[in-house]
There are 2 protein chains.
Amino acid sequence: MQLEQIVTNLREEGFRITPQRIAIVDYVLSTEEHPSAEQIHNVIKKKYPMVSLSTVYKTLDLLRQKQLVKQIEIGGEARFDGHTDEHINLICMKCGKIEDVDEDLKEIQVRAARKSKYQIVKSSFELFGYCSACKTHS
Amino acid sequence: MQLEQIVTNLREEGFRITPQRIAIVDYVLSTEEHPSAEQIHNVIKKKYPMVSLSTVYKTLDLLRQKQLVKQIEIGGEARFDGHTDEHINLICMKCGKIEDVDEDLKEIQVRAARKSKYQIVKSSFELFGYCSACKTHS
DNA sequence: TCTCCTAATAGGAAGTATTCCTATTTAAGA
DNA sequence: TCTTAAATAGGAATACTTCCTATTAGGAGA
(Lines give C-alpha, C1' and ligand atoms only; values in the text may rest on other atoms or scores of the structure.)
Protein backbone atom coordinates (compact mmCIF):
# COMPACT_ATOMS: atom_id res chain seq x y z
CA MET A 1 0.00 0.00 0.00
CA GLN A 2 1.16 3.53 -0.72
CA LEU A 3 2.09 5.96 2.04
CA GLU A 4 -0.59 8.43 1.01
CA GLN A 5 -3.29 5.78 1.05
CA ILE A 6 -2.25 4.67 4.54
CA VAL A 7 -2.21 8.24 5.83
CA THR A 8 -5.67 8.85 4.41
CA ASN A 9 -6.99 5.65 5.96
CA LEU A 10 -5.55 6.47 9.37
CA ARG A 11 -6.95 9.99 9.26
CA GLU A 12 -10.40 8.70 8.32
CA GLU A 13 -10.28 6.36 11.29
CA GLY A 14 -9.71 9.34 13.57
CA PHE A 15 -5.98 8.98 14.11
CA ARG A 16 -3.94 12.14 14.00
CA ILE A 17 -1.31 12.42 11.33
CA THR A 18 1.91 13.63 12.90
CA PRO A 19 5.29 14.10 11.23
CA GLN A 20 6.66 11.36 13.47
CA ARG A 21 4.05 8.88 12.28
CA ILE A 22 4.57 9.75 8.64
CA ALA A 23 8.33 9.32 8.98
CA ILE A 24 8.01 5.97 10.74
CA VAL A 25 5.43 4.57 8.32
CA ASP A 26 7.44 5.81 5.38
CA TYR A 27 10.64 4.22 6.58
CA VAL A 28 9.28 0.86 7.72
CA LEU A 29 7.30 0.33 4.53
CA SER A 30 10.12 1.22 2.21
CA THR A 31 13.05 -0.64 3.73
CA GLU A 32 14.05 -4.25 3.27
CA GLU A 33 16.11 -4.14 6.47
CA HIS A 34 13.62 -5.68 8.93
CA PRO A 35 14.72 -3.03 11.46
CA SER A 36 14.39 -3.14 15.22
CA ALA A 37 12.62 -0.35 17.12
CA GLU A 38 15.96 1.17 17.99
CA GLN A 39 17.17 1.06 14.40
CA ILE A 40 13.98 2.81 13.29
CA HIS A 41 14.47 5.36 16.04
CA ASN A 42 18.02 6.08 14.86
CA VAL A 43 16.86 6.63 11.29
CA ILE A 44 13.95 8.89 12.25
CA LYS A 45 16.17 10.93 14.59
CA LYS A 46 18.25 12.12 11.66
CA LYS A 47 15.21 14.03 10.41
CA TYR A 48 13.48 14.68 13.76
CA PRO A 49 16.13 14.72 16.51
CA MET A 50 13.56 15.10 19.28
CA VAL A 51 11.52 12.00 18.44
CA SER A 52 11.35 9.64 21.39
CA LEU A 53 11.77 5.89 21.41
CA SER A 54 8.42 5.48 23.14
CA THR A 55 6.71 7.18 20.22
CA VAL A 56 8.41 4.75 17.85
CA TYR A 57 7.14 1.81 19.89
CA LYS A 58 3.66 3.27 20.11
CA THR A 59 3.46 3.92 16.37
CA LEU A 60 4.75 0.44 15.55
CA ASP A 61 2.09 -0.97 17.83
CA LEU A 62 -0.57 0.96 15.95
CA LEU A 63 0.78 -0.22 12.59
CA ARG A 64 0.77 -3.80 13.81
CA GLN A 65 -2.83 -3.52 14.97
CA LYS A 66 -3.77 -2.12 11.57
CA GLN A 67 -1.83 -5.03 10.03
CA LEU A 68 0.42 -2.68 8.12
CA VAL A 69 3.55 -4.29 9.54
CA LYS A 70 4.52 -7.76 10.72
CA GLN A 71 6.56 -8.23 13.85
CA ILE A 72 8.95 -11.10 14.48
CA GLU A 73 11.07 -11.77 17.57
CA ILE A 74 14.71 -12.66 17.11
CA GLY A 75 17.05 -13.09 20.05
CA GLY A 76 14.74 -11.31 22.43
CA GLU A 77 14.29 -8.30 20.17
CA ALA A 78 11.39 -7.32 17.92
CA ARG A 79 12.04 -6.75 14.22
CA PHE A 80 9.52 -5.11 11.89
CA ASP A 81 8.61 -5.94 8.34
CA GLY A 82 6.44 -3.94 5.98
CA HIS A 83 5.66 -7.02 3.92
CA THR A 84 2.47 -8.24 5.50
CA ASP A 85 1.67 -11.13 3.23
CA GLU A 86 2.60 -14.46 4.78
CA HIS A 87 6.12 -15.52 3.98
CA ILE A 88 9.22 -17.17 5.39
CA ASN A 89 11.92 -15.12 7.10
CA LEU A 90 15.49 -16.25 6.54
CA ILE A 91 17.65 -15.08 9.42
CA CYS A 92 21.44 -15.05 9.42
CA MET A 93 22.66 -16.31 12.78
CA LYS A 94 25.92 -14.42 12.41
CA CYS A 95 25.12 -10.92 11.12
CA GLY A 96 21.38 -10.83 11.86
CA LYS A 97 20.35 -10.05 8.29
CA ILE A 98 16.79 -11.04 7.44
CA GLU A 99 15.47 -11.87 3.99
CA ASP A 100 11.97 -12.70 2.88
CA VAL A 101 11.12 -15.78 0.87
CA ASP A 102 7.71 -16.00 -0.73
CA GLU A 103 6.45 -19.49 -0.26
CA ASP A 104 2.92 -20.78 0.02
CA LEU A 105 2.14 -21.56 3.65
CA LYS A 106 -1.64 -21.91 3.38
CA GLU A 107 -1.67 -25.61 2.66
CA ILE A 108 0.51 -26.46 5.66
CA GLN A 109 -1.56 -24.18 7.89
CA VAL A 110 -4.75 -25.88 6.82
CA ARG A 111 -3.26 -29.29 7.59
CA ALA A 112 -2.09 -28.14 11.02
CA ALA A 113 -5.45 -26.56 11.78
CA ARG A 114 -7.20 -29.78 10.84
CA LYS A 115 -4.95 -31.87 13.10
CA SER A 116 -5.50 -29.55 16.06
CA LYS A 117 -8.54 -27.83 17.50
CA TYR A 118 -6.96 -24.39 17.27
CA GLN A 119 -8.53 -21.49 15.42
CA ILE A 120 -5.50 -20.09 13.60
CA VAL A 121 -5.06 -16.34 13.23
CA LYS A 122 -1.50 -15.78 12.05
CA SER A 123 1.75 -17.56 11.47
CA SER A 124 5.45 -17.01 11.83
CA PHE A 125 7.97 -19.14 9.97
CA GLU A 126 11.65 -18.51 10.47
CA LEU A 127 14.58 -20.35 8.99
CA PHE A 128 17.90 -19.77 10.74
CA GLY A 129 21.25 -20.20 9.08
CA TYR A 130 24.06 -18.28 7.45
CA CYS A 131 23.71 -15.78 4.64
CA SER A 132 25.93 -15.97 1.58
CA ALA A 133 28.38 -13.44 3.06
CA CYS A 134 28.66 -15.19 6.43
CA LYS A 135 28.61 -18.86 5.50
CA THR A 136 32.08 -18.72 3.99
CA HIS A 137 33.67 -17.20 7.11
CA SER A 138 32.00 -19.42 9.72
CA MET B 1 16.09 -40.03 24.58
CA GLN B 2 15.96 -41.47 28.08
CA LEU B 3 17.15 -39.52 31.10
CA GLU B 4 19.79 -42.11 31.96
CA GLN B 5 21.21 -42.06 28.46
CA ILE B 6 21.45 -38.28 28.52
CA VAL B 7 23.14 -38.30 31.93
CA THR B 8 25.65 -40.87 30.72
CA ASN B 9 26.38 -38.86 27.59
CA LEU B 10 26.89 -35.63 29.53
CA ARG B 11 29.17 -37.34 32.02
CA GLU B 12 31.26 -38.84 29.22
CA GLU B 13 31.65 -35.40 27.71
CA GLY B 14 33.12 -34.18 30.99
CA PHE B 15 30.08 -32.36 32.37
CA ARG B 16 29.35 -32.86 36.04
CA ILE B 17 26.08 -34.46 36.97
CA THR B 18 24.42 -32.43 39.68
CA PRO B 19 21.00 -33.01 41.27
CA GLN B 20 19.90 -29.68 39.81
CA ARG B 21 20.78 -30.75 36.29
CA ILE B 22 19.08 -34.10 36.66
CA ALA B 23 15.93 -32.45 37.95
CA ILE B 24 15.84 -29.89 35.15
CA VAL B 25 16.53 -32.40 32.38
CA ASP B 26 13.99 -34.80 33.84
CA TYR B 27 11.28 -32.17 34.01
CA VAL B 28 11.82 -30.50 30.66
CA LEU B 29 11.97 -33.78 28.77
CA SER B 30 8.88 -35.26 30.38
CA THR B 31 6.46 -32.33 30.26
CA GLU B 32 4.22 -31.24 27.39
CA GLU B 33 3.88 -27.78 28.93
CA HIS B 34 6.54 -25.90 26.92
CA PRO B 35 7.53 -24.16 30.17
CA SER B 36 9.37 -20.88 30.58
CA ALA B 37 12.59 -20.68 32.63
CA GLU B 38 10.63 -19.33 35.56
CA GLN B 39 8.04 -22.13 35.37
CA ILE B 40 10.85 -24.68 35.35
CA HIS B 41 12.43 -22.91 38.31
CA ASN B 42 9.17 -23.07 40.25
CA VAL B 43 8.81 -26.79 39.64
CA ILE B 44 12.43 -27.61 40.55
CA LYS B 45 12.21 -25.48 43.71
CA LYS B 46 9.60 -27.83 45.16
CA LYS B 47 12.25 -30.53 45.33
CA TYR B 48 15.34 -28.32 45.75
CA PRO B 49 14.28 -25.04 47.38
CA MET B 50 17.76 -23.53 47.09
CA VAL B 51 18.11 -23.89 43.32
CA SER B 52 18.71 -20.56 41.65
CA LEU B 53 17.15 -19.18 38.52
CA SER B 54 20.58 -18.57 37.03
CA THR B 55 21.34 -22.27 37.29
CA VAL B 56 18.12 -23.03 35.46
CA TYR B 57 19.09 -20.66 32.65
CA LYS B 58 22.60 -22.07 32.49
CA THR B 59 21.41 -25.67 32.35
CA LEU B 60 18.84 -24.85 29.68
CA ASP B 61 21.59 -23.22 27.68
CA LEU B 62 23.67 -26.38 27.93
CA LEU B 63 20.72 -28.54 26.88
CA ARG B 64 20.08 -26.29 23.91
CA GLN B 65 23.70 -26.51 22.81
CA LYS B 66 23.51 -30.29 23.08
CA GLN B 67 20.28 -30.09 21.07
CA LEU B 68 18.33 -31.83 23.79
CA VAL B 69 15.74 -29.04 23.94
CA LYS B 70 14.31 -26.55 21.48
CA GLN B 71 13.76 -22.95 22.47
CA ILE B 72 11.06 -20.68 21.07
CA GLU B 73 10.38 -17.05 21.90
CA ILE B 74 6.83 -15.98 22.61
CA GLY B 75 5.97 -12.47 23.72
CA GLY B 76 9.52 -11.68 24.73
CA GLU B 77 9.91 -14.82 26.81
CA ALA B 78 11.71 -18.08 26.06
CA ARG B 79 9.78 -21.36 26.21
CA PHE B 80 11.45 -24.76 26.18
CA ASP B 81 10.43 -27.95 24.44
CA GLY B 82 11.93 -31.41 24.89
CA HIS B 83 10.68 -32.47 21.47
CA THR B 84 13.65 -31.70 19.27
CA ASP B 85 12.42 -33.05 15.98
CA GLU B 86 11.20 -30.29 13.70
CA HIS B 87 7.54 -29.54 14.13
CA ILE B 88 4.99 -26.74 14.23
CA ASN B 89 4.12 -25.00 17.50
CA LEU B 90 0.50 -23.99 17.94
CA ILE B 91 0.29 -21.10 20.38
CA CYS B 92 -2.88 -19.89 22.05
CA MET B 93 -2.88 -16.09 22.03
CA LYS B 94 -5.18 -15.98 25.05
CA CYS B 95 -3.90 -18.52 27.58
CA GLY B 96 -0.41 -19.11 26.18
CA LYS B 97 -0.83 -22.85 25.83
CA ILE B 98 1.48 -24.45 23.28
CA GLU B 99 0.85 -27.66 21.40
CA ASP B 100 3.05 -29.53 18.96
CA VAL B 101 1.91 -30.58 15.52
CA ASP B 102 4.00 -33.04 13.60
CA GLU B 103 4.12 -31.90 10.02
CA ASP B 104 6.79 -32.40 7.42
CA LEU B 105 8.76 -29.19 6.99
CA LYS B 106 11.70 -30.53 5.02
CA GLU B 107 10.21 -29.96 1.61
CA ILE B 108 9.38 -26.35 2.29
CA GLN B 109 12.85 -25.79 3.78
CA VAL B 110 14.49 -27.23 0.73
CA ARG B 111 12.45 -24.95 -1.52
CA ALA B 112 13.33 -21.89 0.58
CA ALA B 113 17.02 -22.84 0.66
CA ARG B 114 17.02 -23.19 -3.10
CA LYS B 115 15.42 -19.77 -3.63
CA SER B 116 17.89 -18.07 -1.31
CA LYS B 117 21.62 -18.35 -0.84
CA TYR B 118 21.33 -19.17 2.86
CA GLN B 119 22.80 -22.26 4.44
CA ILE B 120 19.92 -23.33 6.68
CA VAL B 121 20.62 -24.72 10.14
CA LYS B 122 17.30 -24.81 11.96
CA SER B 123 13.72 -23.67 11.69
CA SER B 124 10.96 -22.30 13.83
CA PHE B 125 7.36 -22.43 12.70
CA GLU B 126 4.68 -20.99 14.96
CA LEU B 127 0.96 -20.77 14.33
CA PHE B 128 -0.89 -18.31 16.56
CA GLY B 129 -4.56 -18.55 17.34
CA TYR B 130 -7.01 -19.72 19.97
CA CYS B 131 -7.08 -23.15 21.58
CA SER B 132 -10.33 -25.07 21.87
CA ALA B 133 -10.93 -23.80 25.41
CA CYS B 134 -10.29 -20.14 24.55
CA LYS B 135 -11.87 -19.77 21.12
CA THR B 136 -15.40 -20.02 22.48
CA HIS B 137 -14.87 -17.23 25.03
CA SER B 138 -13.07 -14.75 22.80
C1' DT C 1 37.61 -43.68 51.66
C1' DC C 2 40.00 -39.21 51.59
C1' DT C 3 41.95 -35.27 49.17
C1' DC C 4 42.18 -31.99 45.77
C1' DC C 5 40.96 -29.35 41.80
C1' DT C 6 37.93 -26.87 39.42
C1' DA C 7 33.29 -27.00 37.40
C1' DA C 8 28.94 -25.68 38.98
C1' DT C 9 26.00 -23.23 42.07
C1' DA C 10 23.40 -19.48 44.74
C1' DG C 11 22.30 -15.02 45.09
C1' DG C 12 22.11 -10.82 43.56
C1' DA C 13 23.66 -7.05 40.52
C1' DA C 14 23.77 -5.50 35.88
C1' DG C 15 22.14 -5.33 31.25
C1' DT C 16 18.68 -5.04 27.54
C1' DA C 17 14.33 -4.46 25.43
C1' DT C 18 9.84 -2.86 26.19
C1' DT C 19 5.97 -0.67 28.52
C1' DC C 20 4.20 2.74 31.51
C1' DC C 21 3.55 7.43 33.41
C1' DT C 22 2.60 12.32 33.00
C1' DA C 23 3.35 17.16 31.95
C1' DT C 24 3.52 19.44 27.66
C1' DT C 25 2.66 19.99 22.85
C1' DT C 26 -0.02 19.98 18.80
C1' DA C 27 -3.41 18.18 15.04
C1' DA C 28 -7.44 19.37 13.28
C1' DG C 29 -12.45 20.38 13.74
C1' DA C 30 -15.48 24.29 14.94
C1' DT D 1 -8.17 31.66 15.71
C1' DC D 2 -9.73 28.87 19.51
C1' DT D 3 -10.45 24.66 21.75
C1' DT D 4 -9.78 20.07 23.18
C1' DA D 5 -8.28 15.74 23.47
C1' DA D 6 -4.87 12.80 21.12
C1' DA D 7 -0.03 12.32 20.72
C1' DT D 8 4.56 13.26 22.20
C1' DA D 9 9.10 13.52 24.90
C1' DG D 10 11.55 12.03 28.45
C1' DG D 11 12.35 9.26 31.87
C1' DA D 12 10.89 5.83 35.34
C1' DA D 13 9.36 1.22 35.90
C1' DT D 14 9.05 -3.49 34.52
C1' DA D 15 10.28 -8.05 32.67
C1' DC D 16 13.37 -11.27 31.19
C1' DT D 17 18.02 -12.74 30.76
C1' DT D 18 22.96 -12.58 31.45
C1' DC D 19 26.82 -11.59 34.23
C1' DC D 20 29.69 -11.62 38.45
C1' DT D 21 31.90 -13.87 42.33
C1' DA D 22 32.38 -16.17 46.72
C1' DT D 23 31.16 -20.69 48.08
C1' DT D 24 29.99 -25.52 47.33
C1' DA D 25 30.47 -30.06 45.75
C1' DG D 26 31.29 -33.71 41.73
C1' DG D 27 34.34 -37.03 40.73
C1' DA D 28 39.22 -38.44 39.37
C1' DG D 29 43.15 -40.12 41.46
C1' DA D 30 45.81 -41.46 45.64
Side-chain angles (χ1 to χ4, degrees), chain A residues 4 6-28 34-66 69 71-80 96 98, chain B residues 4 6-28 34-66 69-80 96:
Chain A
E4 280 160 37
I6 290 169
V7 165
T8 303
N9 289 354
L10 288 175
R11 186 177 276 126
E12 279 170 0
E13 291 185 72
F15 296 102
R16 291 188 181 169
I17 305 309
T18 64
Q20 292 93 327
R21 282 184 172 170
I22 291 174
I24 293 165
V25 172
D26 189 24
Y27 175 60
V28 174
H34 299 70
S36 66
E38 196 172 1
Q39 286 174 309
I40 295 165
H41 186 218
N42 285 336
V43 170
I44 305 303
K45 267 200 294 189
K46 288 177 193 162
K47 210 171 171 185
Y48 303 99
M50 302 303 281
V51 76
S52 82
L53 187 54
S54 61
T55 297
V56 174
Y57 273 109
K58 218 160 174 295
T59 300
L60 288 169
D61 206 54
L62 174 66
L63 297 178
R64 187 171 33 119
Q65 282 176 45
K66 295 291 153 204
V69 301
Q71 176 177 341
I72 58 174
E73 291 169 34
I74 310 293
E77 151 179 284
R79 305 272 295 258
F80 299 88
I98 301 177
Chain B
E4 282 160 36
I6 290 169
V7 166
T8 303
N9 289 356
L10 288 176
R11 185 177 277 125
E12 279 171 0
E13 290 186 71
F15 295 103
R16 291 186 182 171
I17 304 308
T18 63
Q20 294 92 327
R21 281 183 172 172
I22 291 175
I24 292 166
V25 173
D26 189 24
Y27 175 60
V28 174
H34 298 71
S36 66
E38 196 172 2
Q39 286 174 308
I40 295 166
H41 187 218
N42 286 336
V43 170
I44 305 304
K45 268 200 293 189
K46 287 176 191 161
K47 211 172 171 183
Y48 303 98
M50 302 304 280
V51 76
S52 82
L53 186 55
S54 61
T55 296
V56 174
Y57 273 108
K58 217 159 174 299
T59 300
L60 289 168
D61 206 54
L62 174 65
L63 297 177
R64 187 173 32 120
Q65 282 176 45
K66 296 290 154 206
V69 301
K70 276 204 137 196
Q71 175 175 344
I72 57 174
E73 292 169 33
I74 309 292
E77 153 179 282
R79 305 272 295 260
F80 298 89

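Bear in mind the structure is a predicted one, so any value in this text is a computation, not a measurement. Sequence lines set the chain letters: A, B, ... in the order given, protein chains first and strands last, and positions in each chain run from 1.
Set against C:dT18, C:dA10, D:dT17, the side chain of A:Ala37 has C:dT18 as its closest nucleotide. When each of C:dA10, D:dC16, D:dG27 is scored by its nearest atom to the side-chain atoms of B:Ser54, the top-ranked nucleotide is C:dA10. Across C:dG11, C:dA28, D:dA7, the shortest atom-to-atom separation from the side chain of B:Met50 is found for C:dG11. Closest approach to the A:Arg21 side chain among D:dA7, D:dA9, C:dT9 is made by D:dA7 (side chain taken as heavy atoms from C-beta onward). For B:Thr59, whose side chain is taken as the heavy atoms from C-beta onward, the closest listed nucleotide among C:dA10, D:dT8, C:dT9 is C:dT9.
Atom C1' of nucleotide C:dT26 and atom CD1 of A:Ile17 are separated by 13 Å, given to the nearest angstrom. When rounded to the nearest whole Å, the span between OH of A:Tyr48 and P of C:dA27 equals 10 Å. The distance between atom CG of A:Leu10 and atom C1' of D:dA6, rounded to the nearest whole Å, is 14 Å. Whole-Å rounding puts the A:Ile72 CD1 to C:dA17 P distance at 16 Å. Atoms CD1 (B:Ile40) and C1' (D:dT17) sit 14 Å apart, rounded to a whole Å. Put simply, CG on A:Leu53 is 11 Å from C1' on D:dG11, counting in whole angstrom units. To the nearest angstrom, P of D:dG10 lies 17 Å from NZ of A:Lys58.
The neighbour count for B:Glu38 CD, taken as heavy atoms of other residues, nucleotides or ligands under 6.0 Å away, does not exceed 12. A:Glu4 CD: 12 or fewer foreign heavy atoms inside a 6.0 Å radius.
Between A:Val56 and B:Glu77, the one whose closest nucleotide on DNA chain D sits nearer the 5' end is A:Val56.
Checking the phosphate oxygens (OP1, OP2) of D:dA25, no side-chain nitrogen or oxygen of B:Gln20 falls inside 4.0 Å. For A:Thr55 and D:dA9, the shortest distance from a side-chain N or O to OP1 or OP2 is below 4.0 Å. Taking 4.0 angstrom as the limit, B:Arg16 places none of its side-chain polar atoms (N or O) nearer than this to OP1 or OP2 of C:dT6. A sub-4.0 Å separation between OP1 or OP2 of D:dT17 and a side-chain N or O of B:Tyr57 is present. For B:Thr18, a side-chain nitrogen or oxygen approaches OP1 or OP2 of C:dT9 to under 4.0 Å.
Not a single donor-acceptor pair under 3.5 Å links the side chain of A:Arg11 to the backbone N or O of A:Ile17. Although no hydrogens or angles enter the test, the distance criterion places no donor-acceptor pair under 3.5 Å between the side chain of B:Glu12 and the main chain of B:Asn9.
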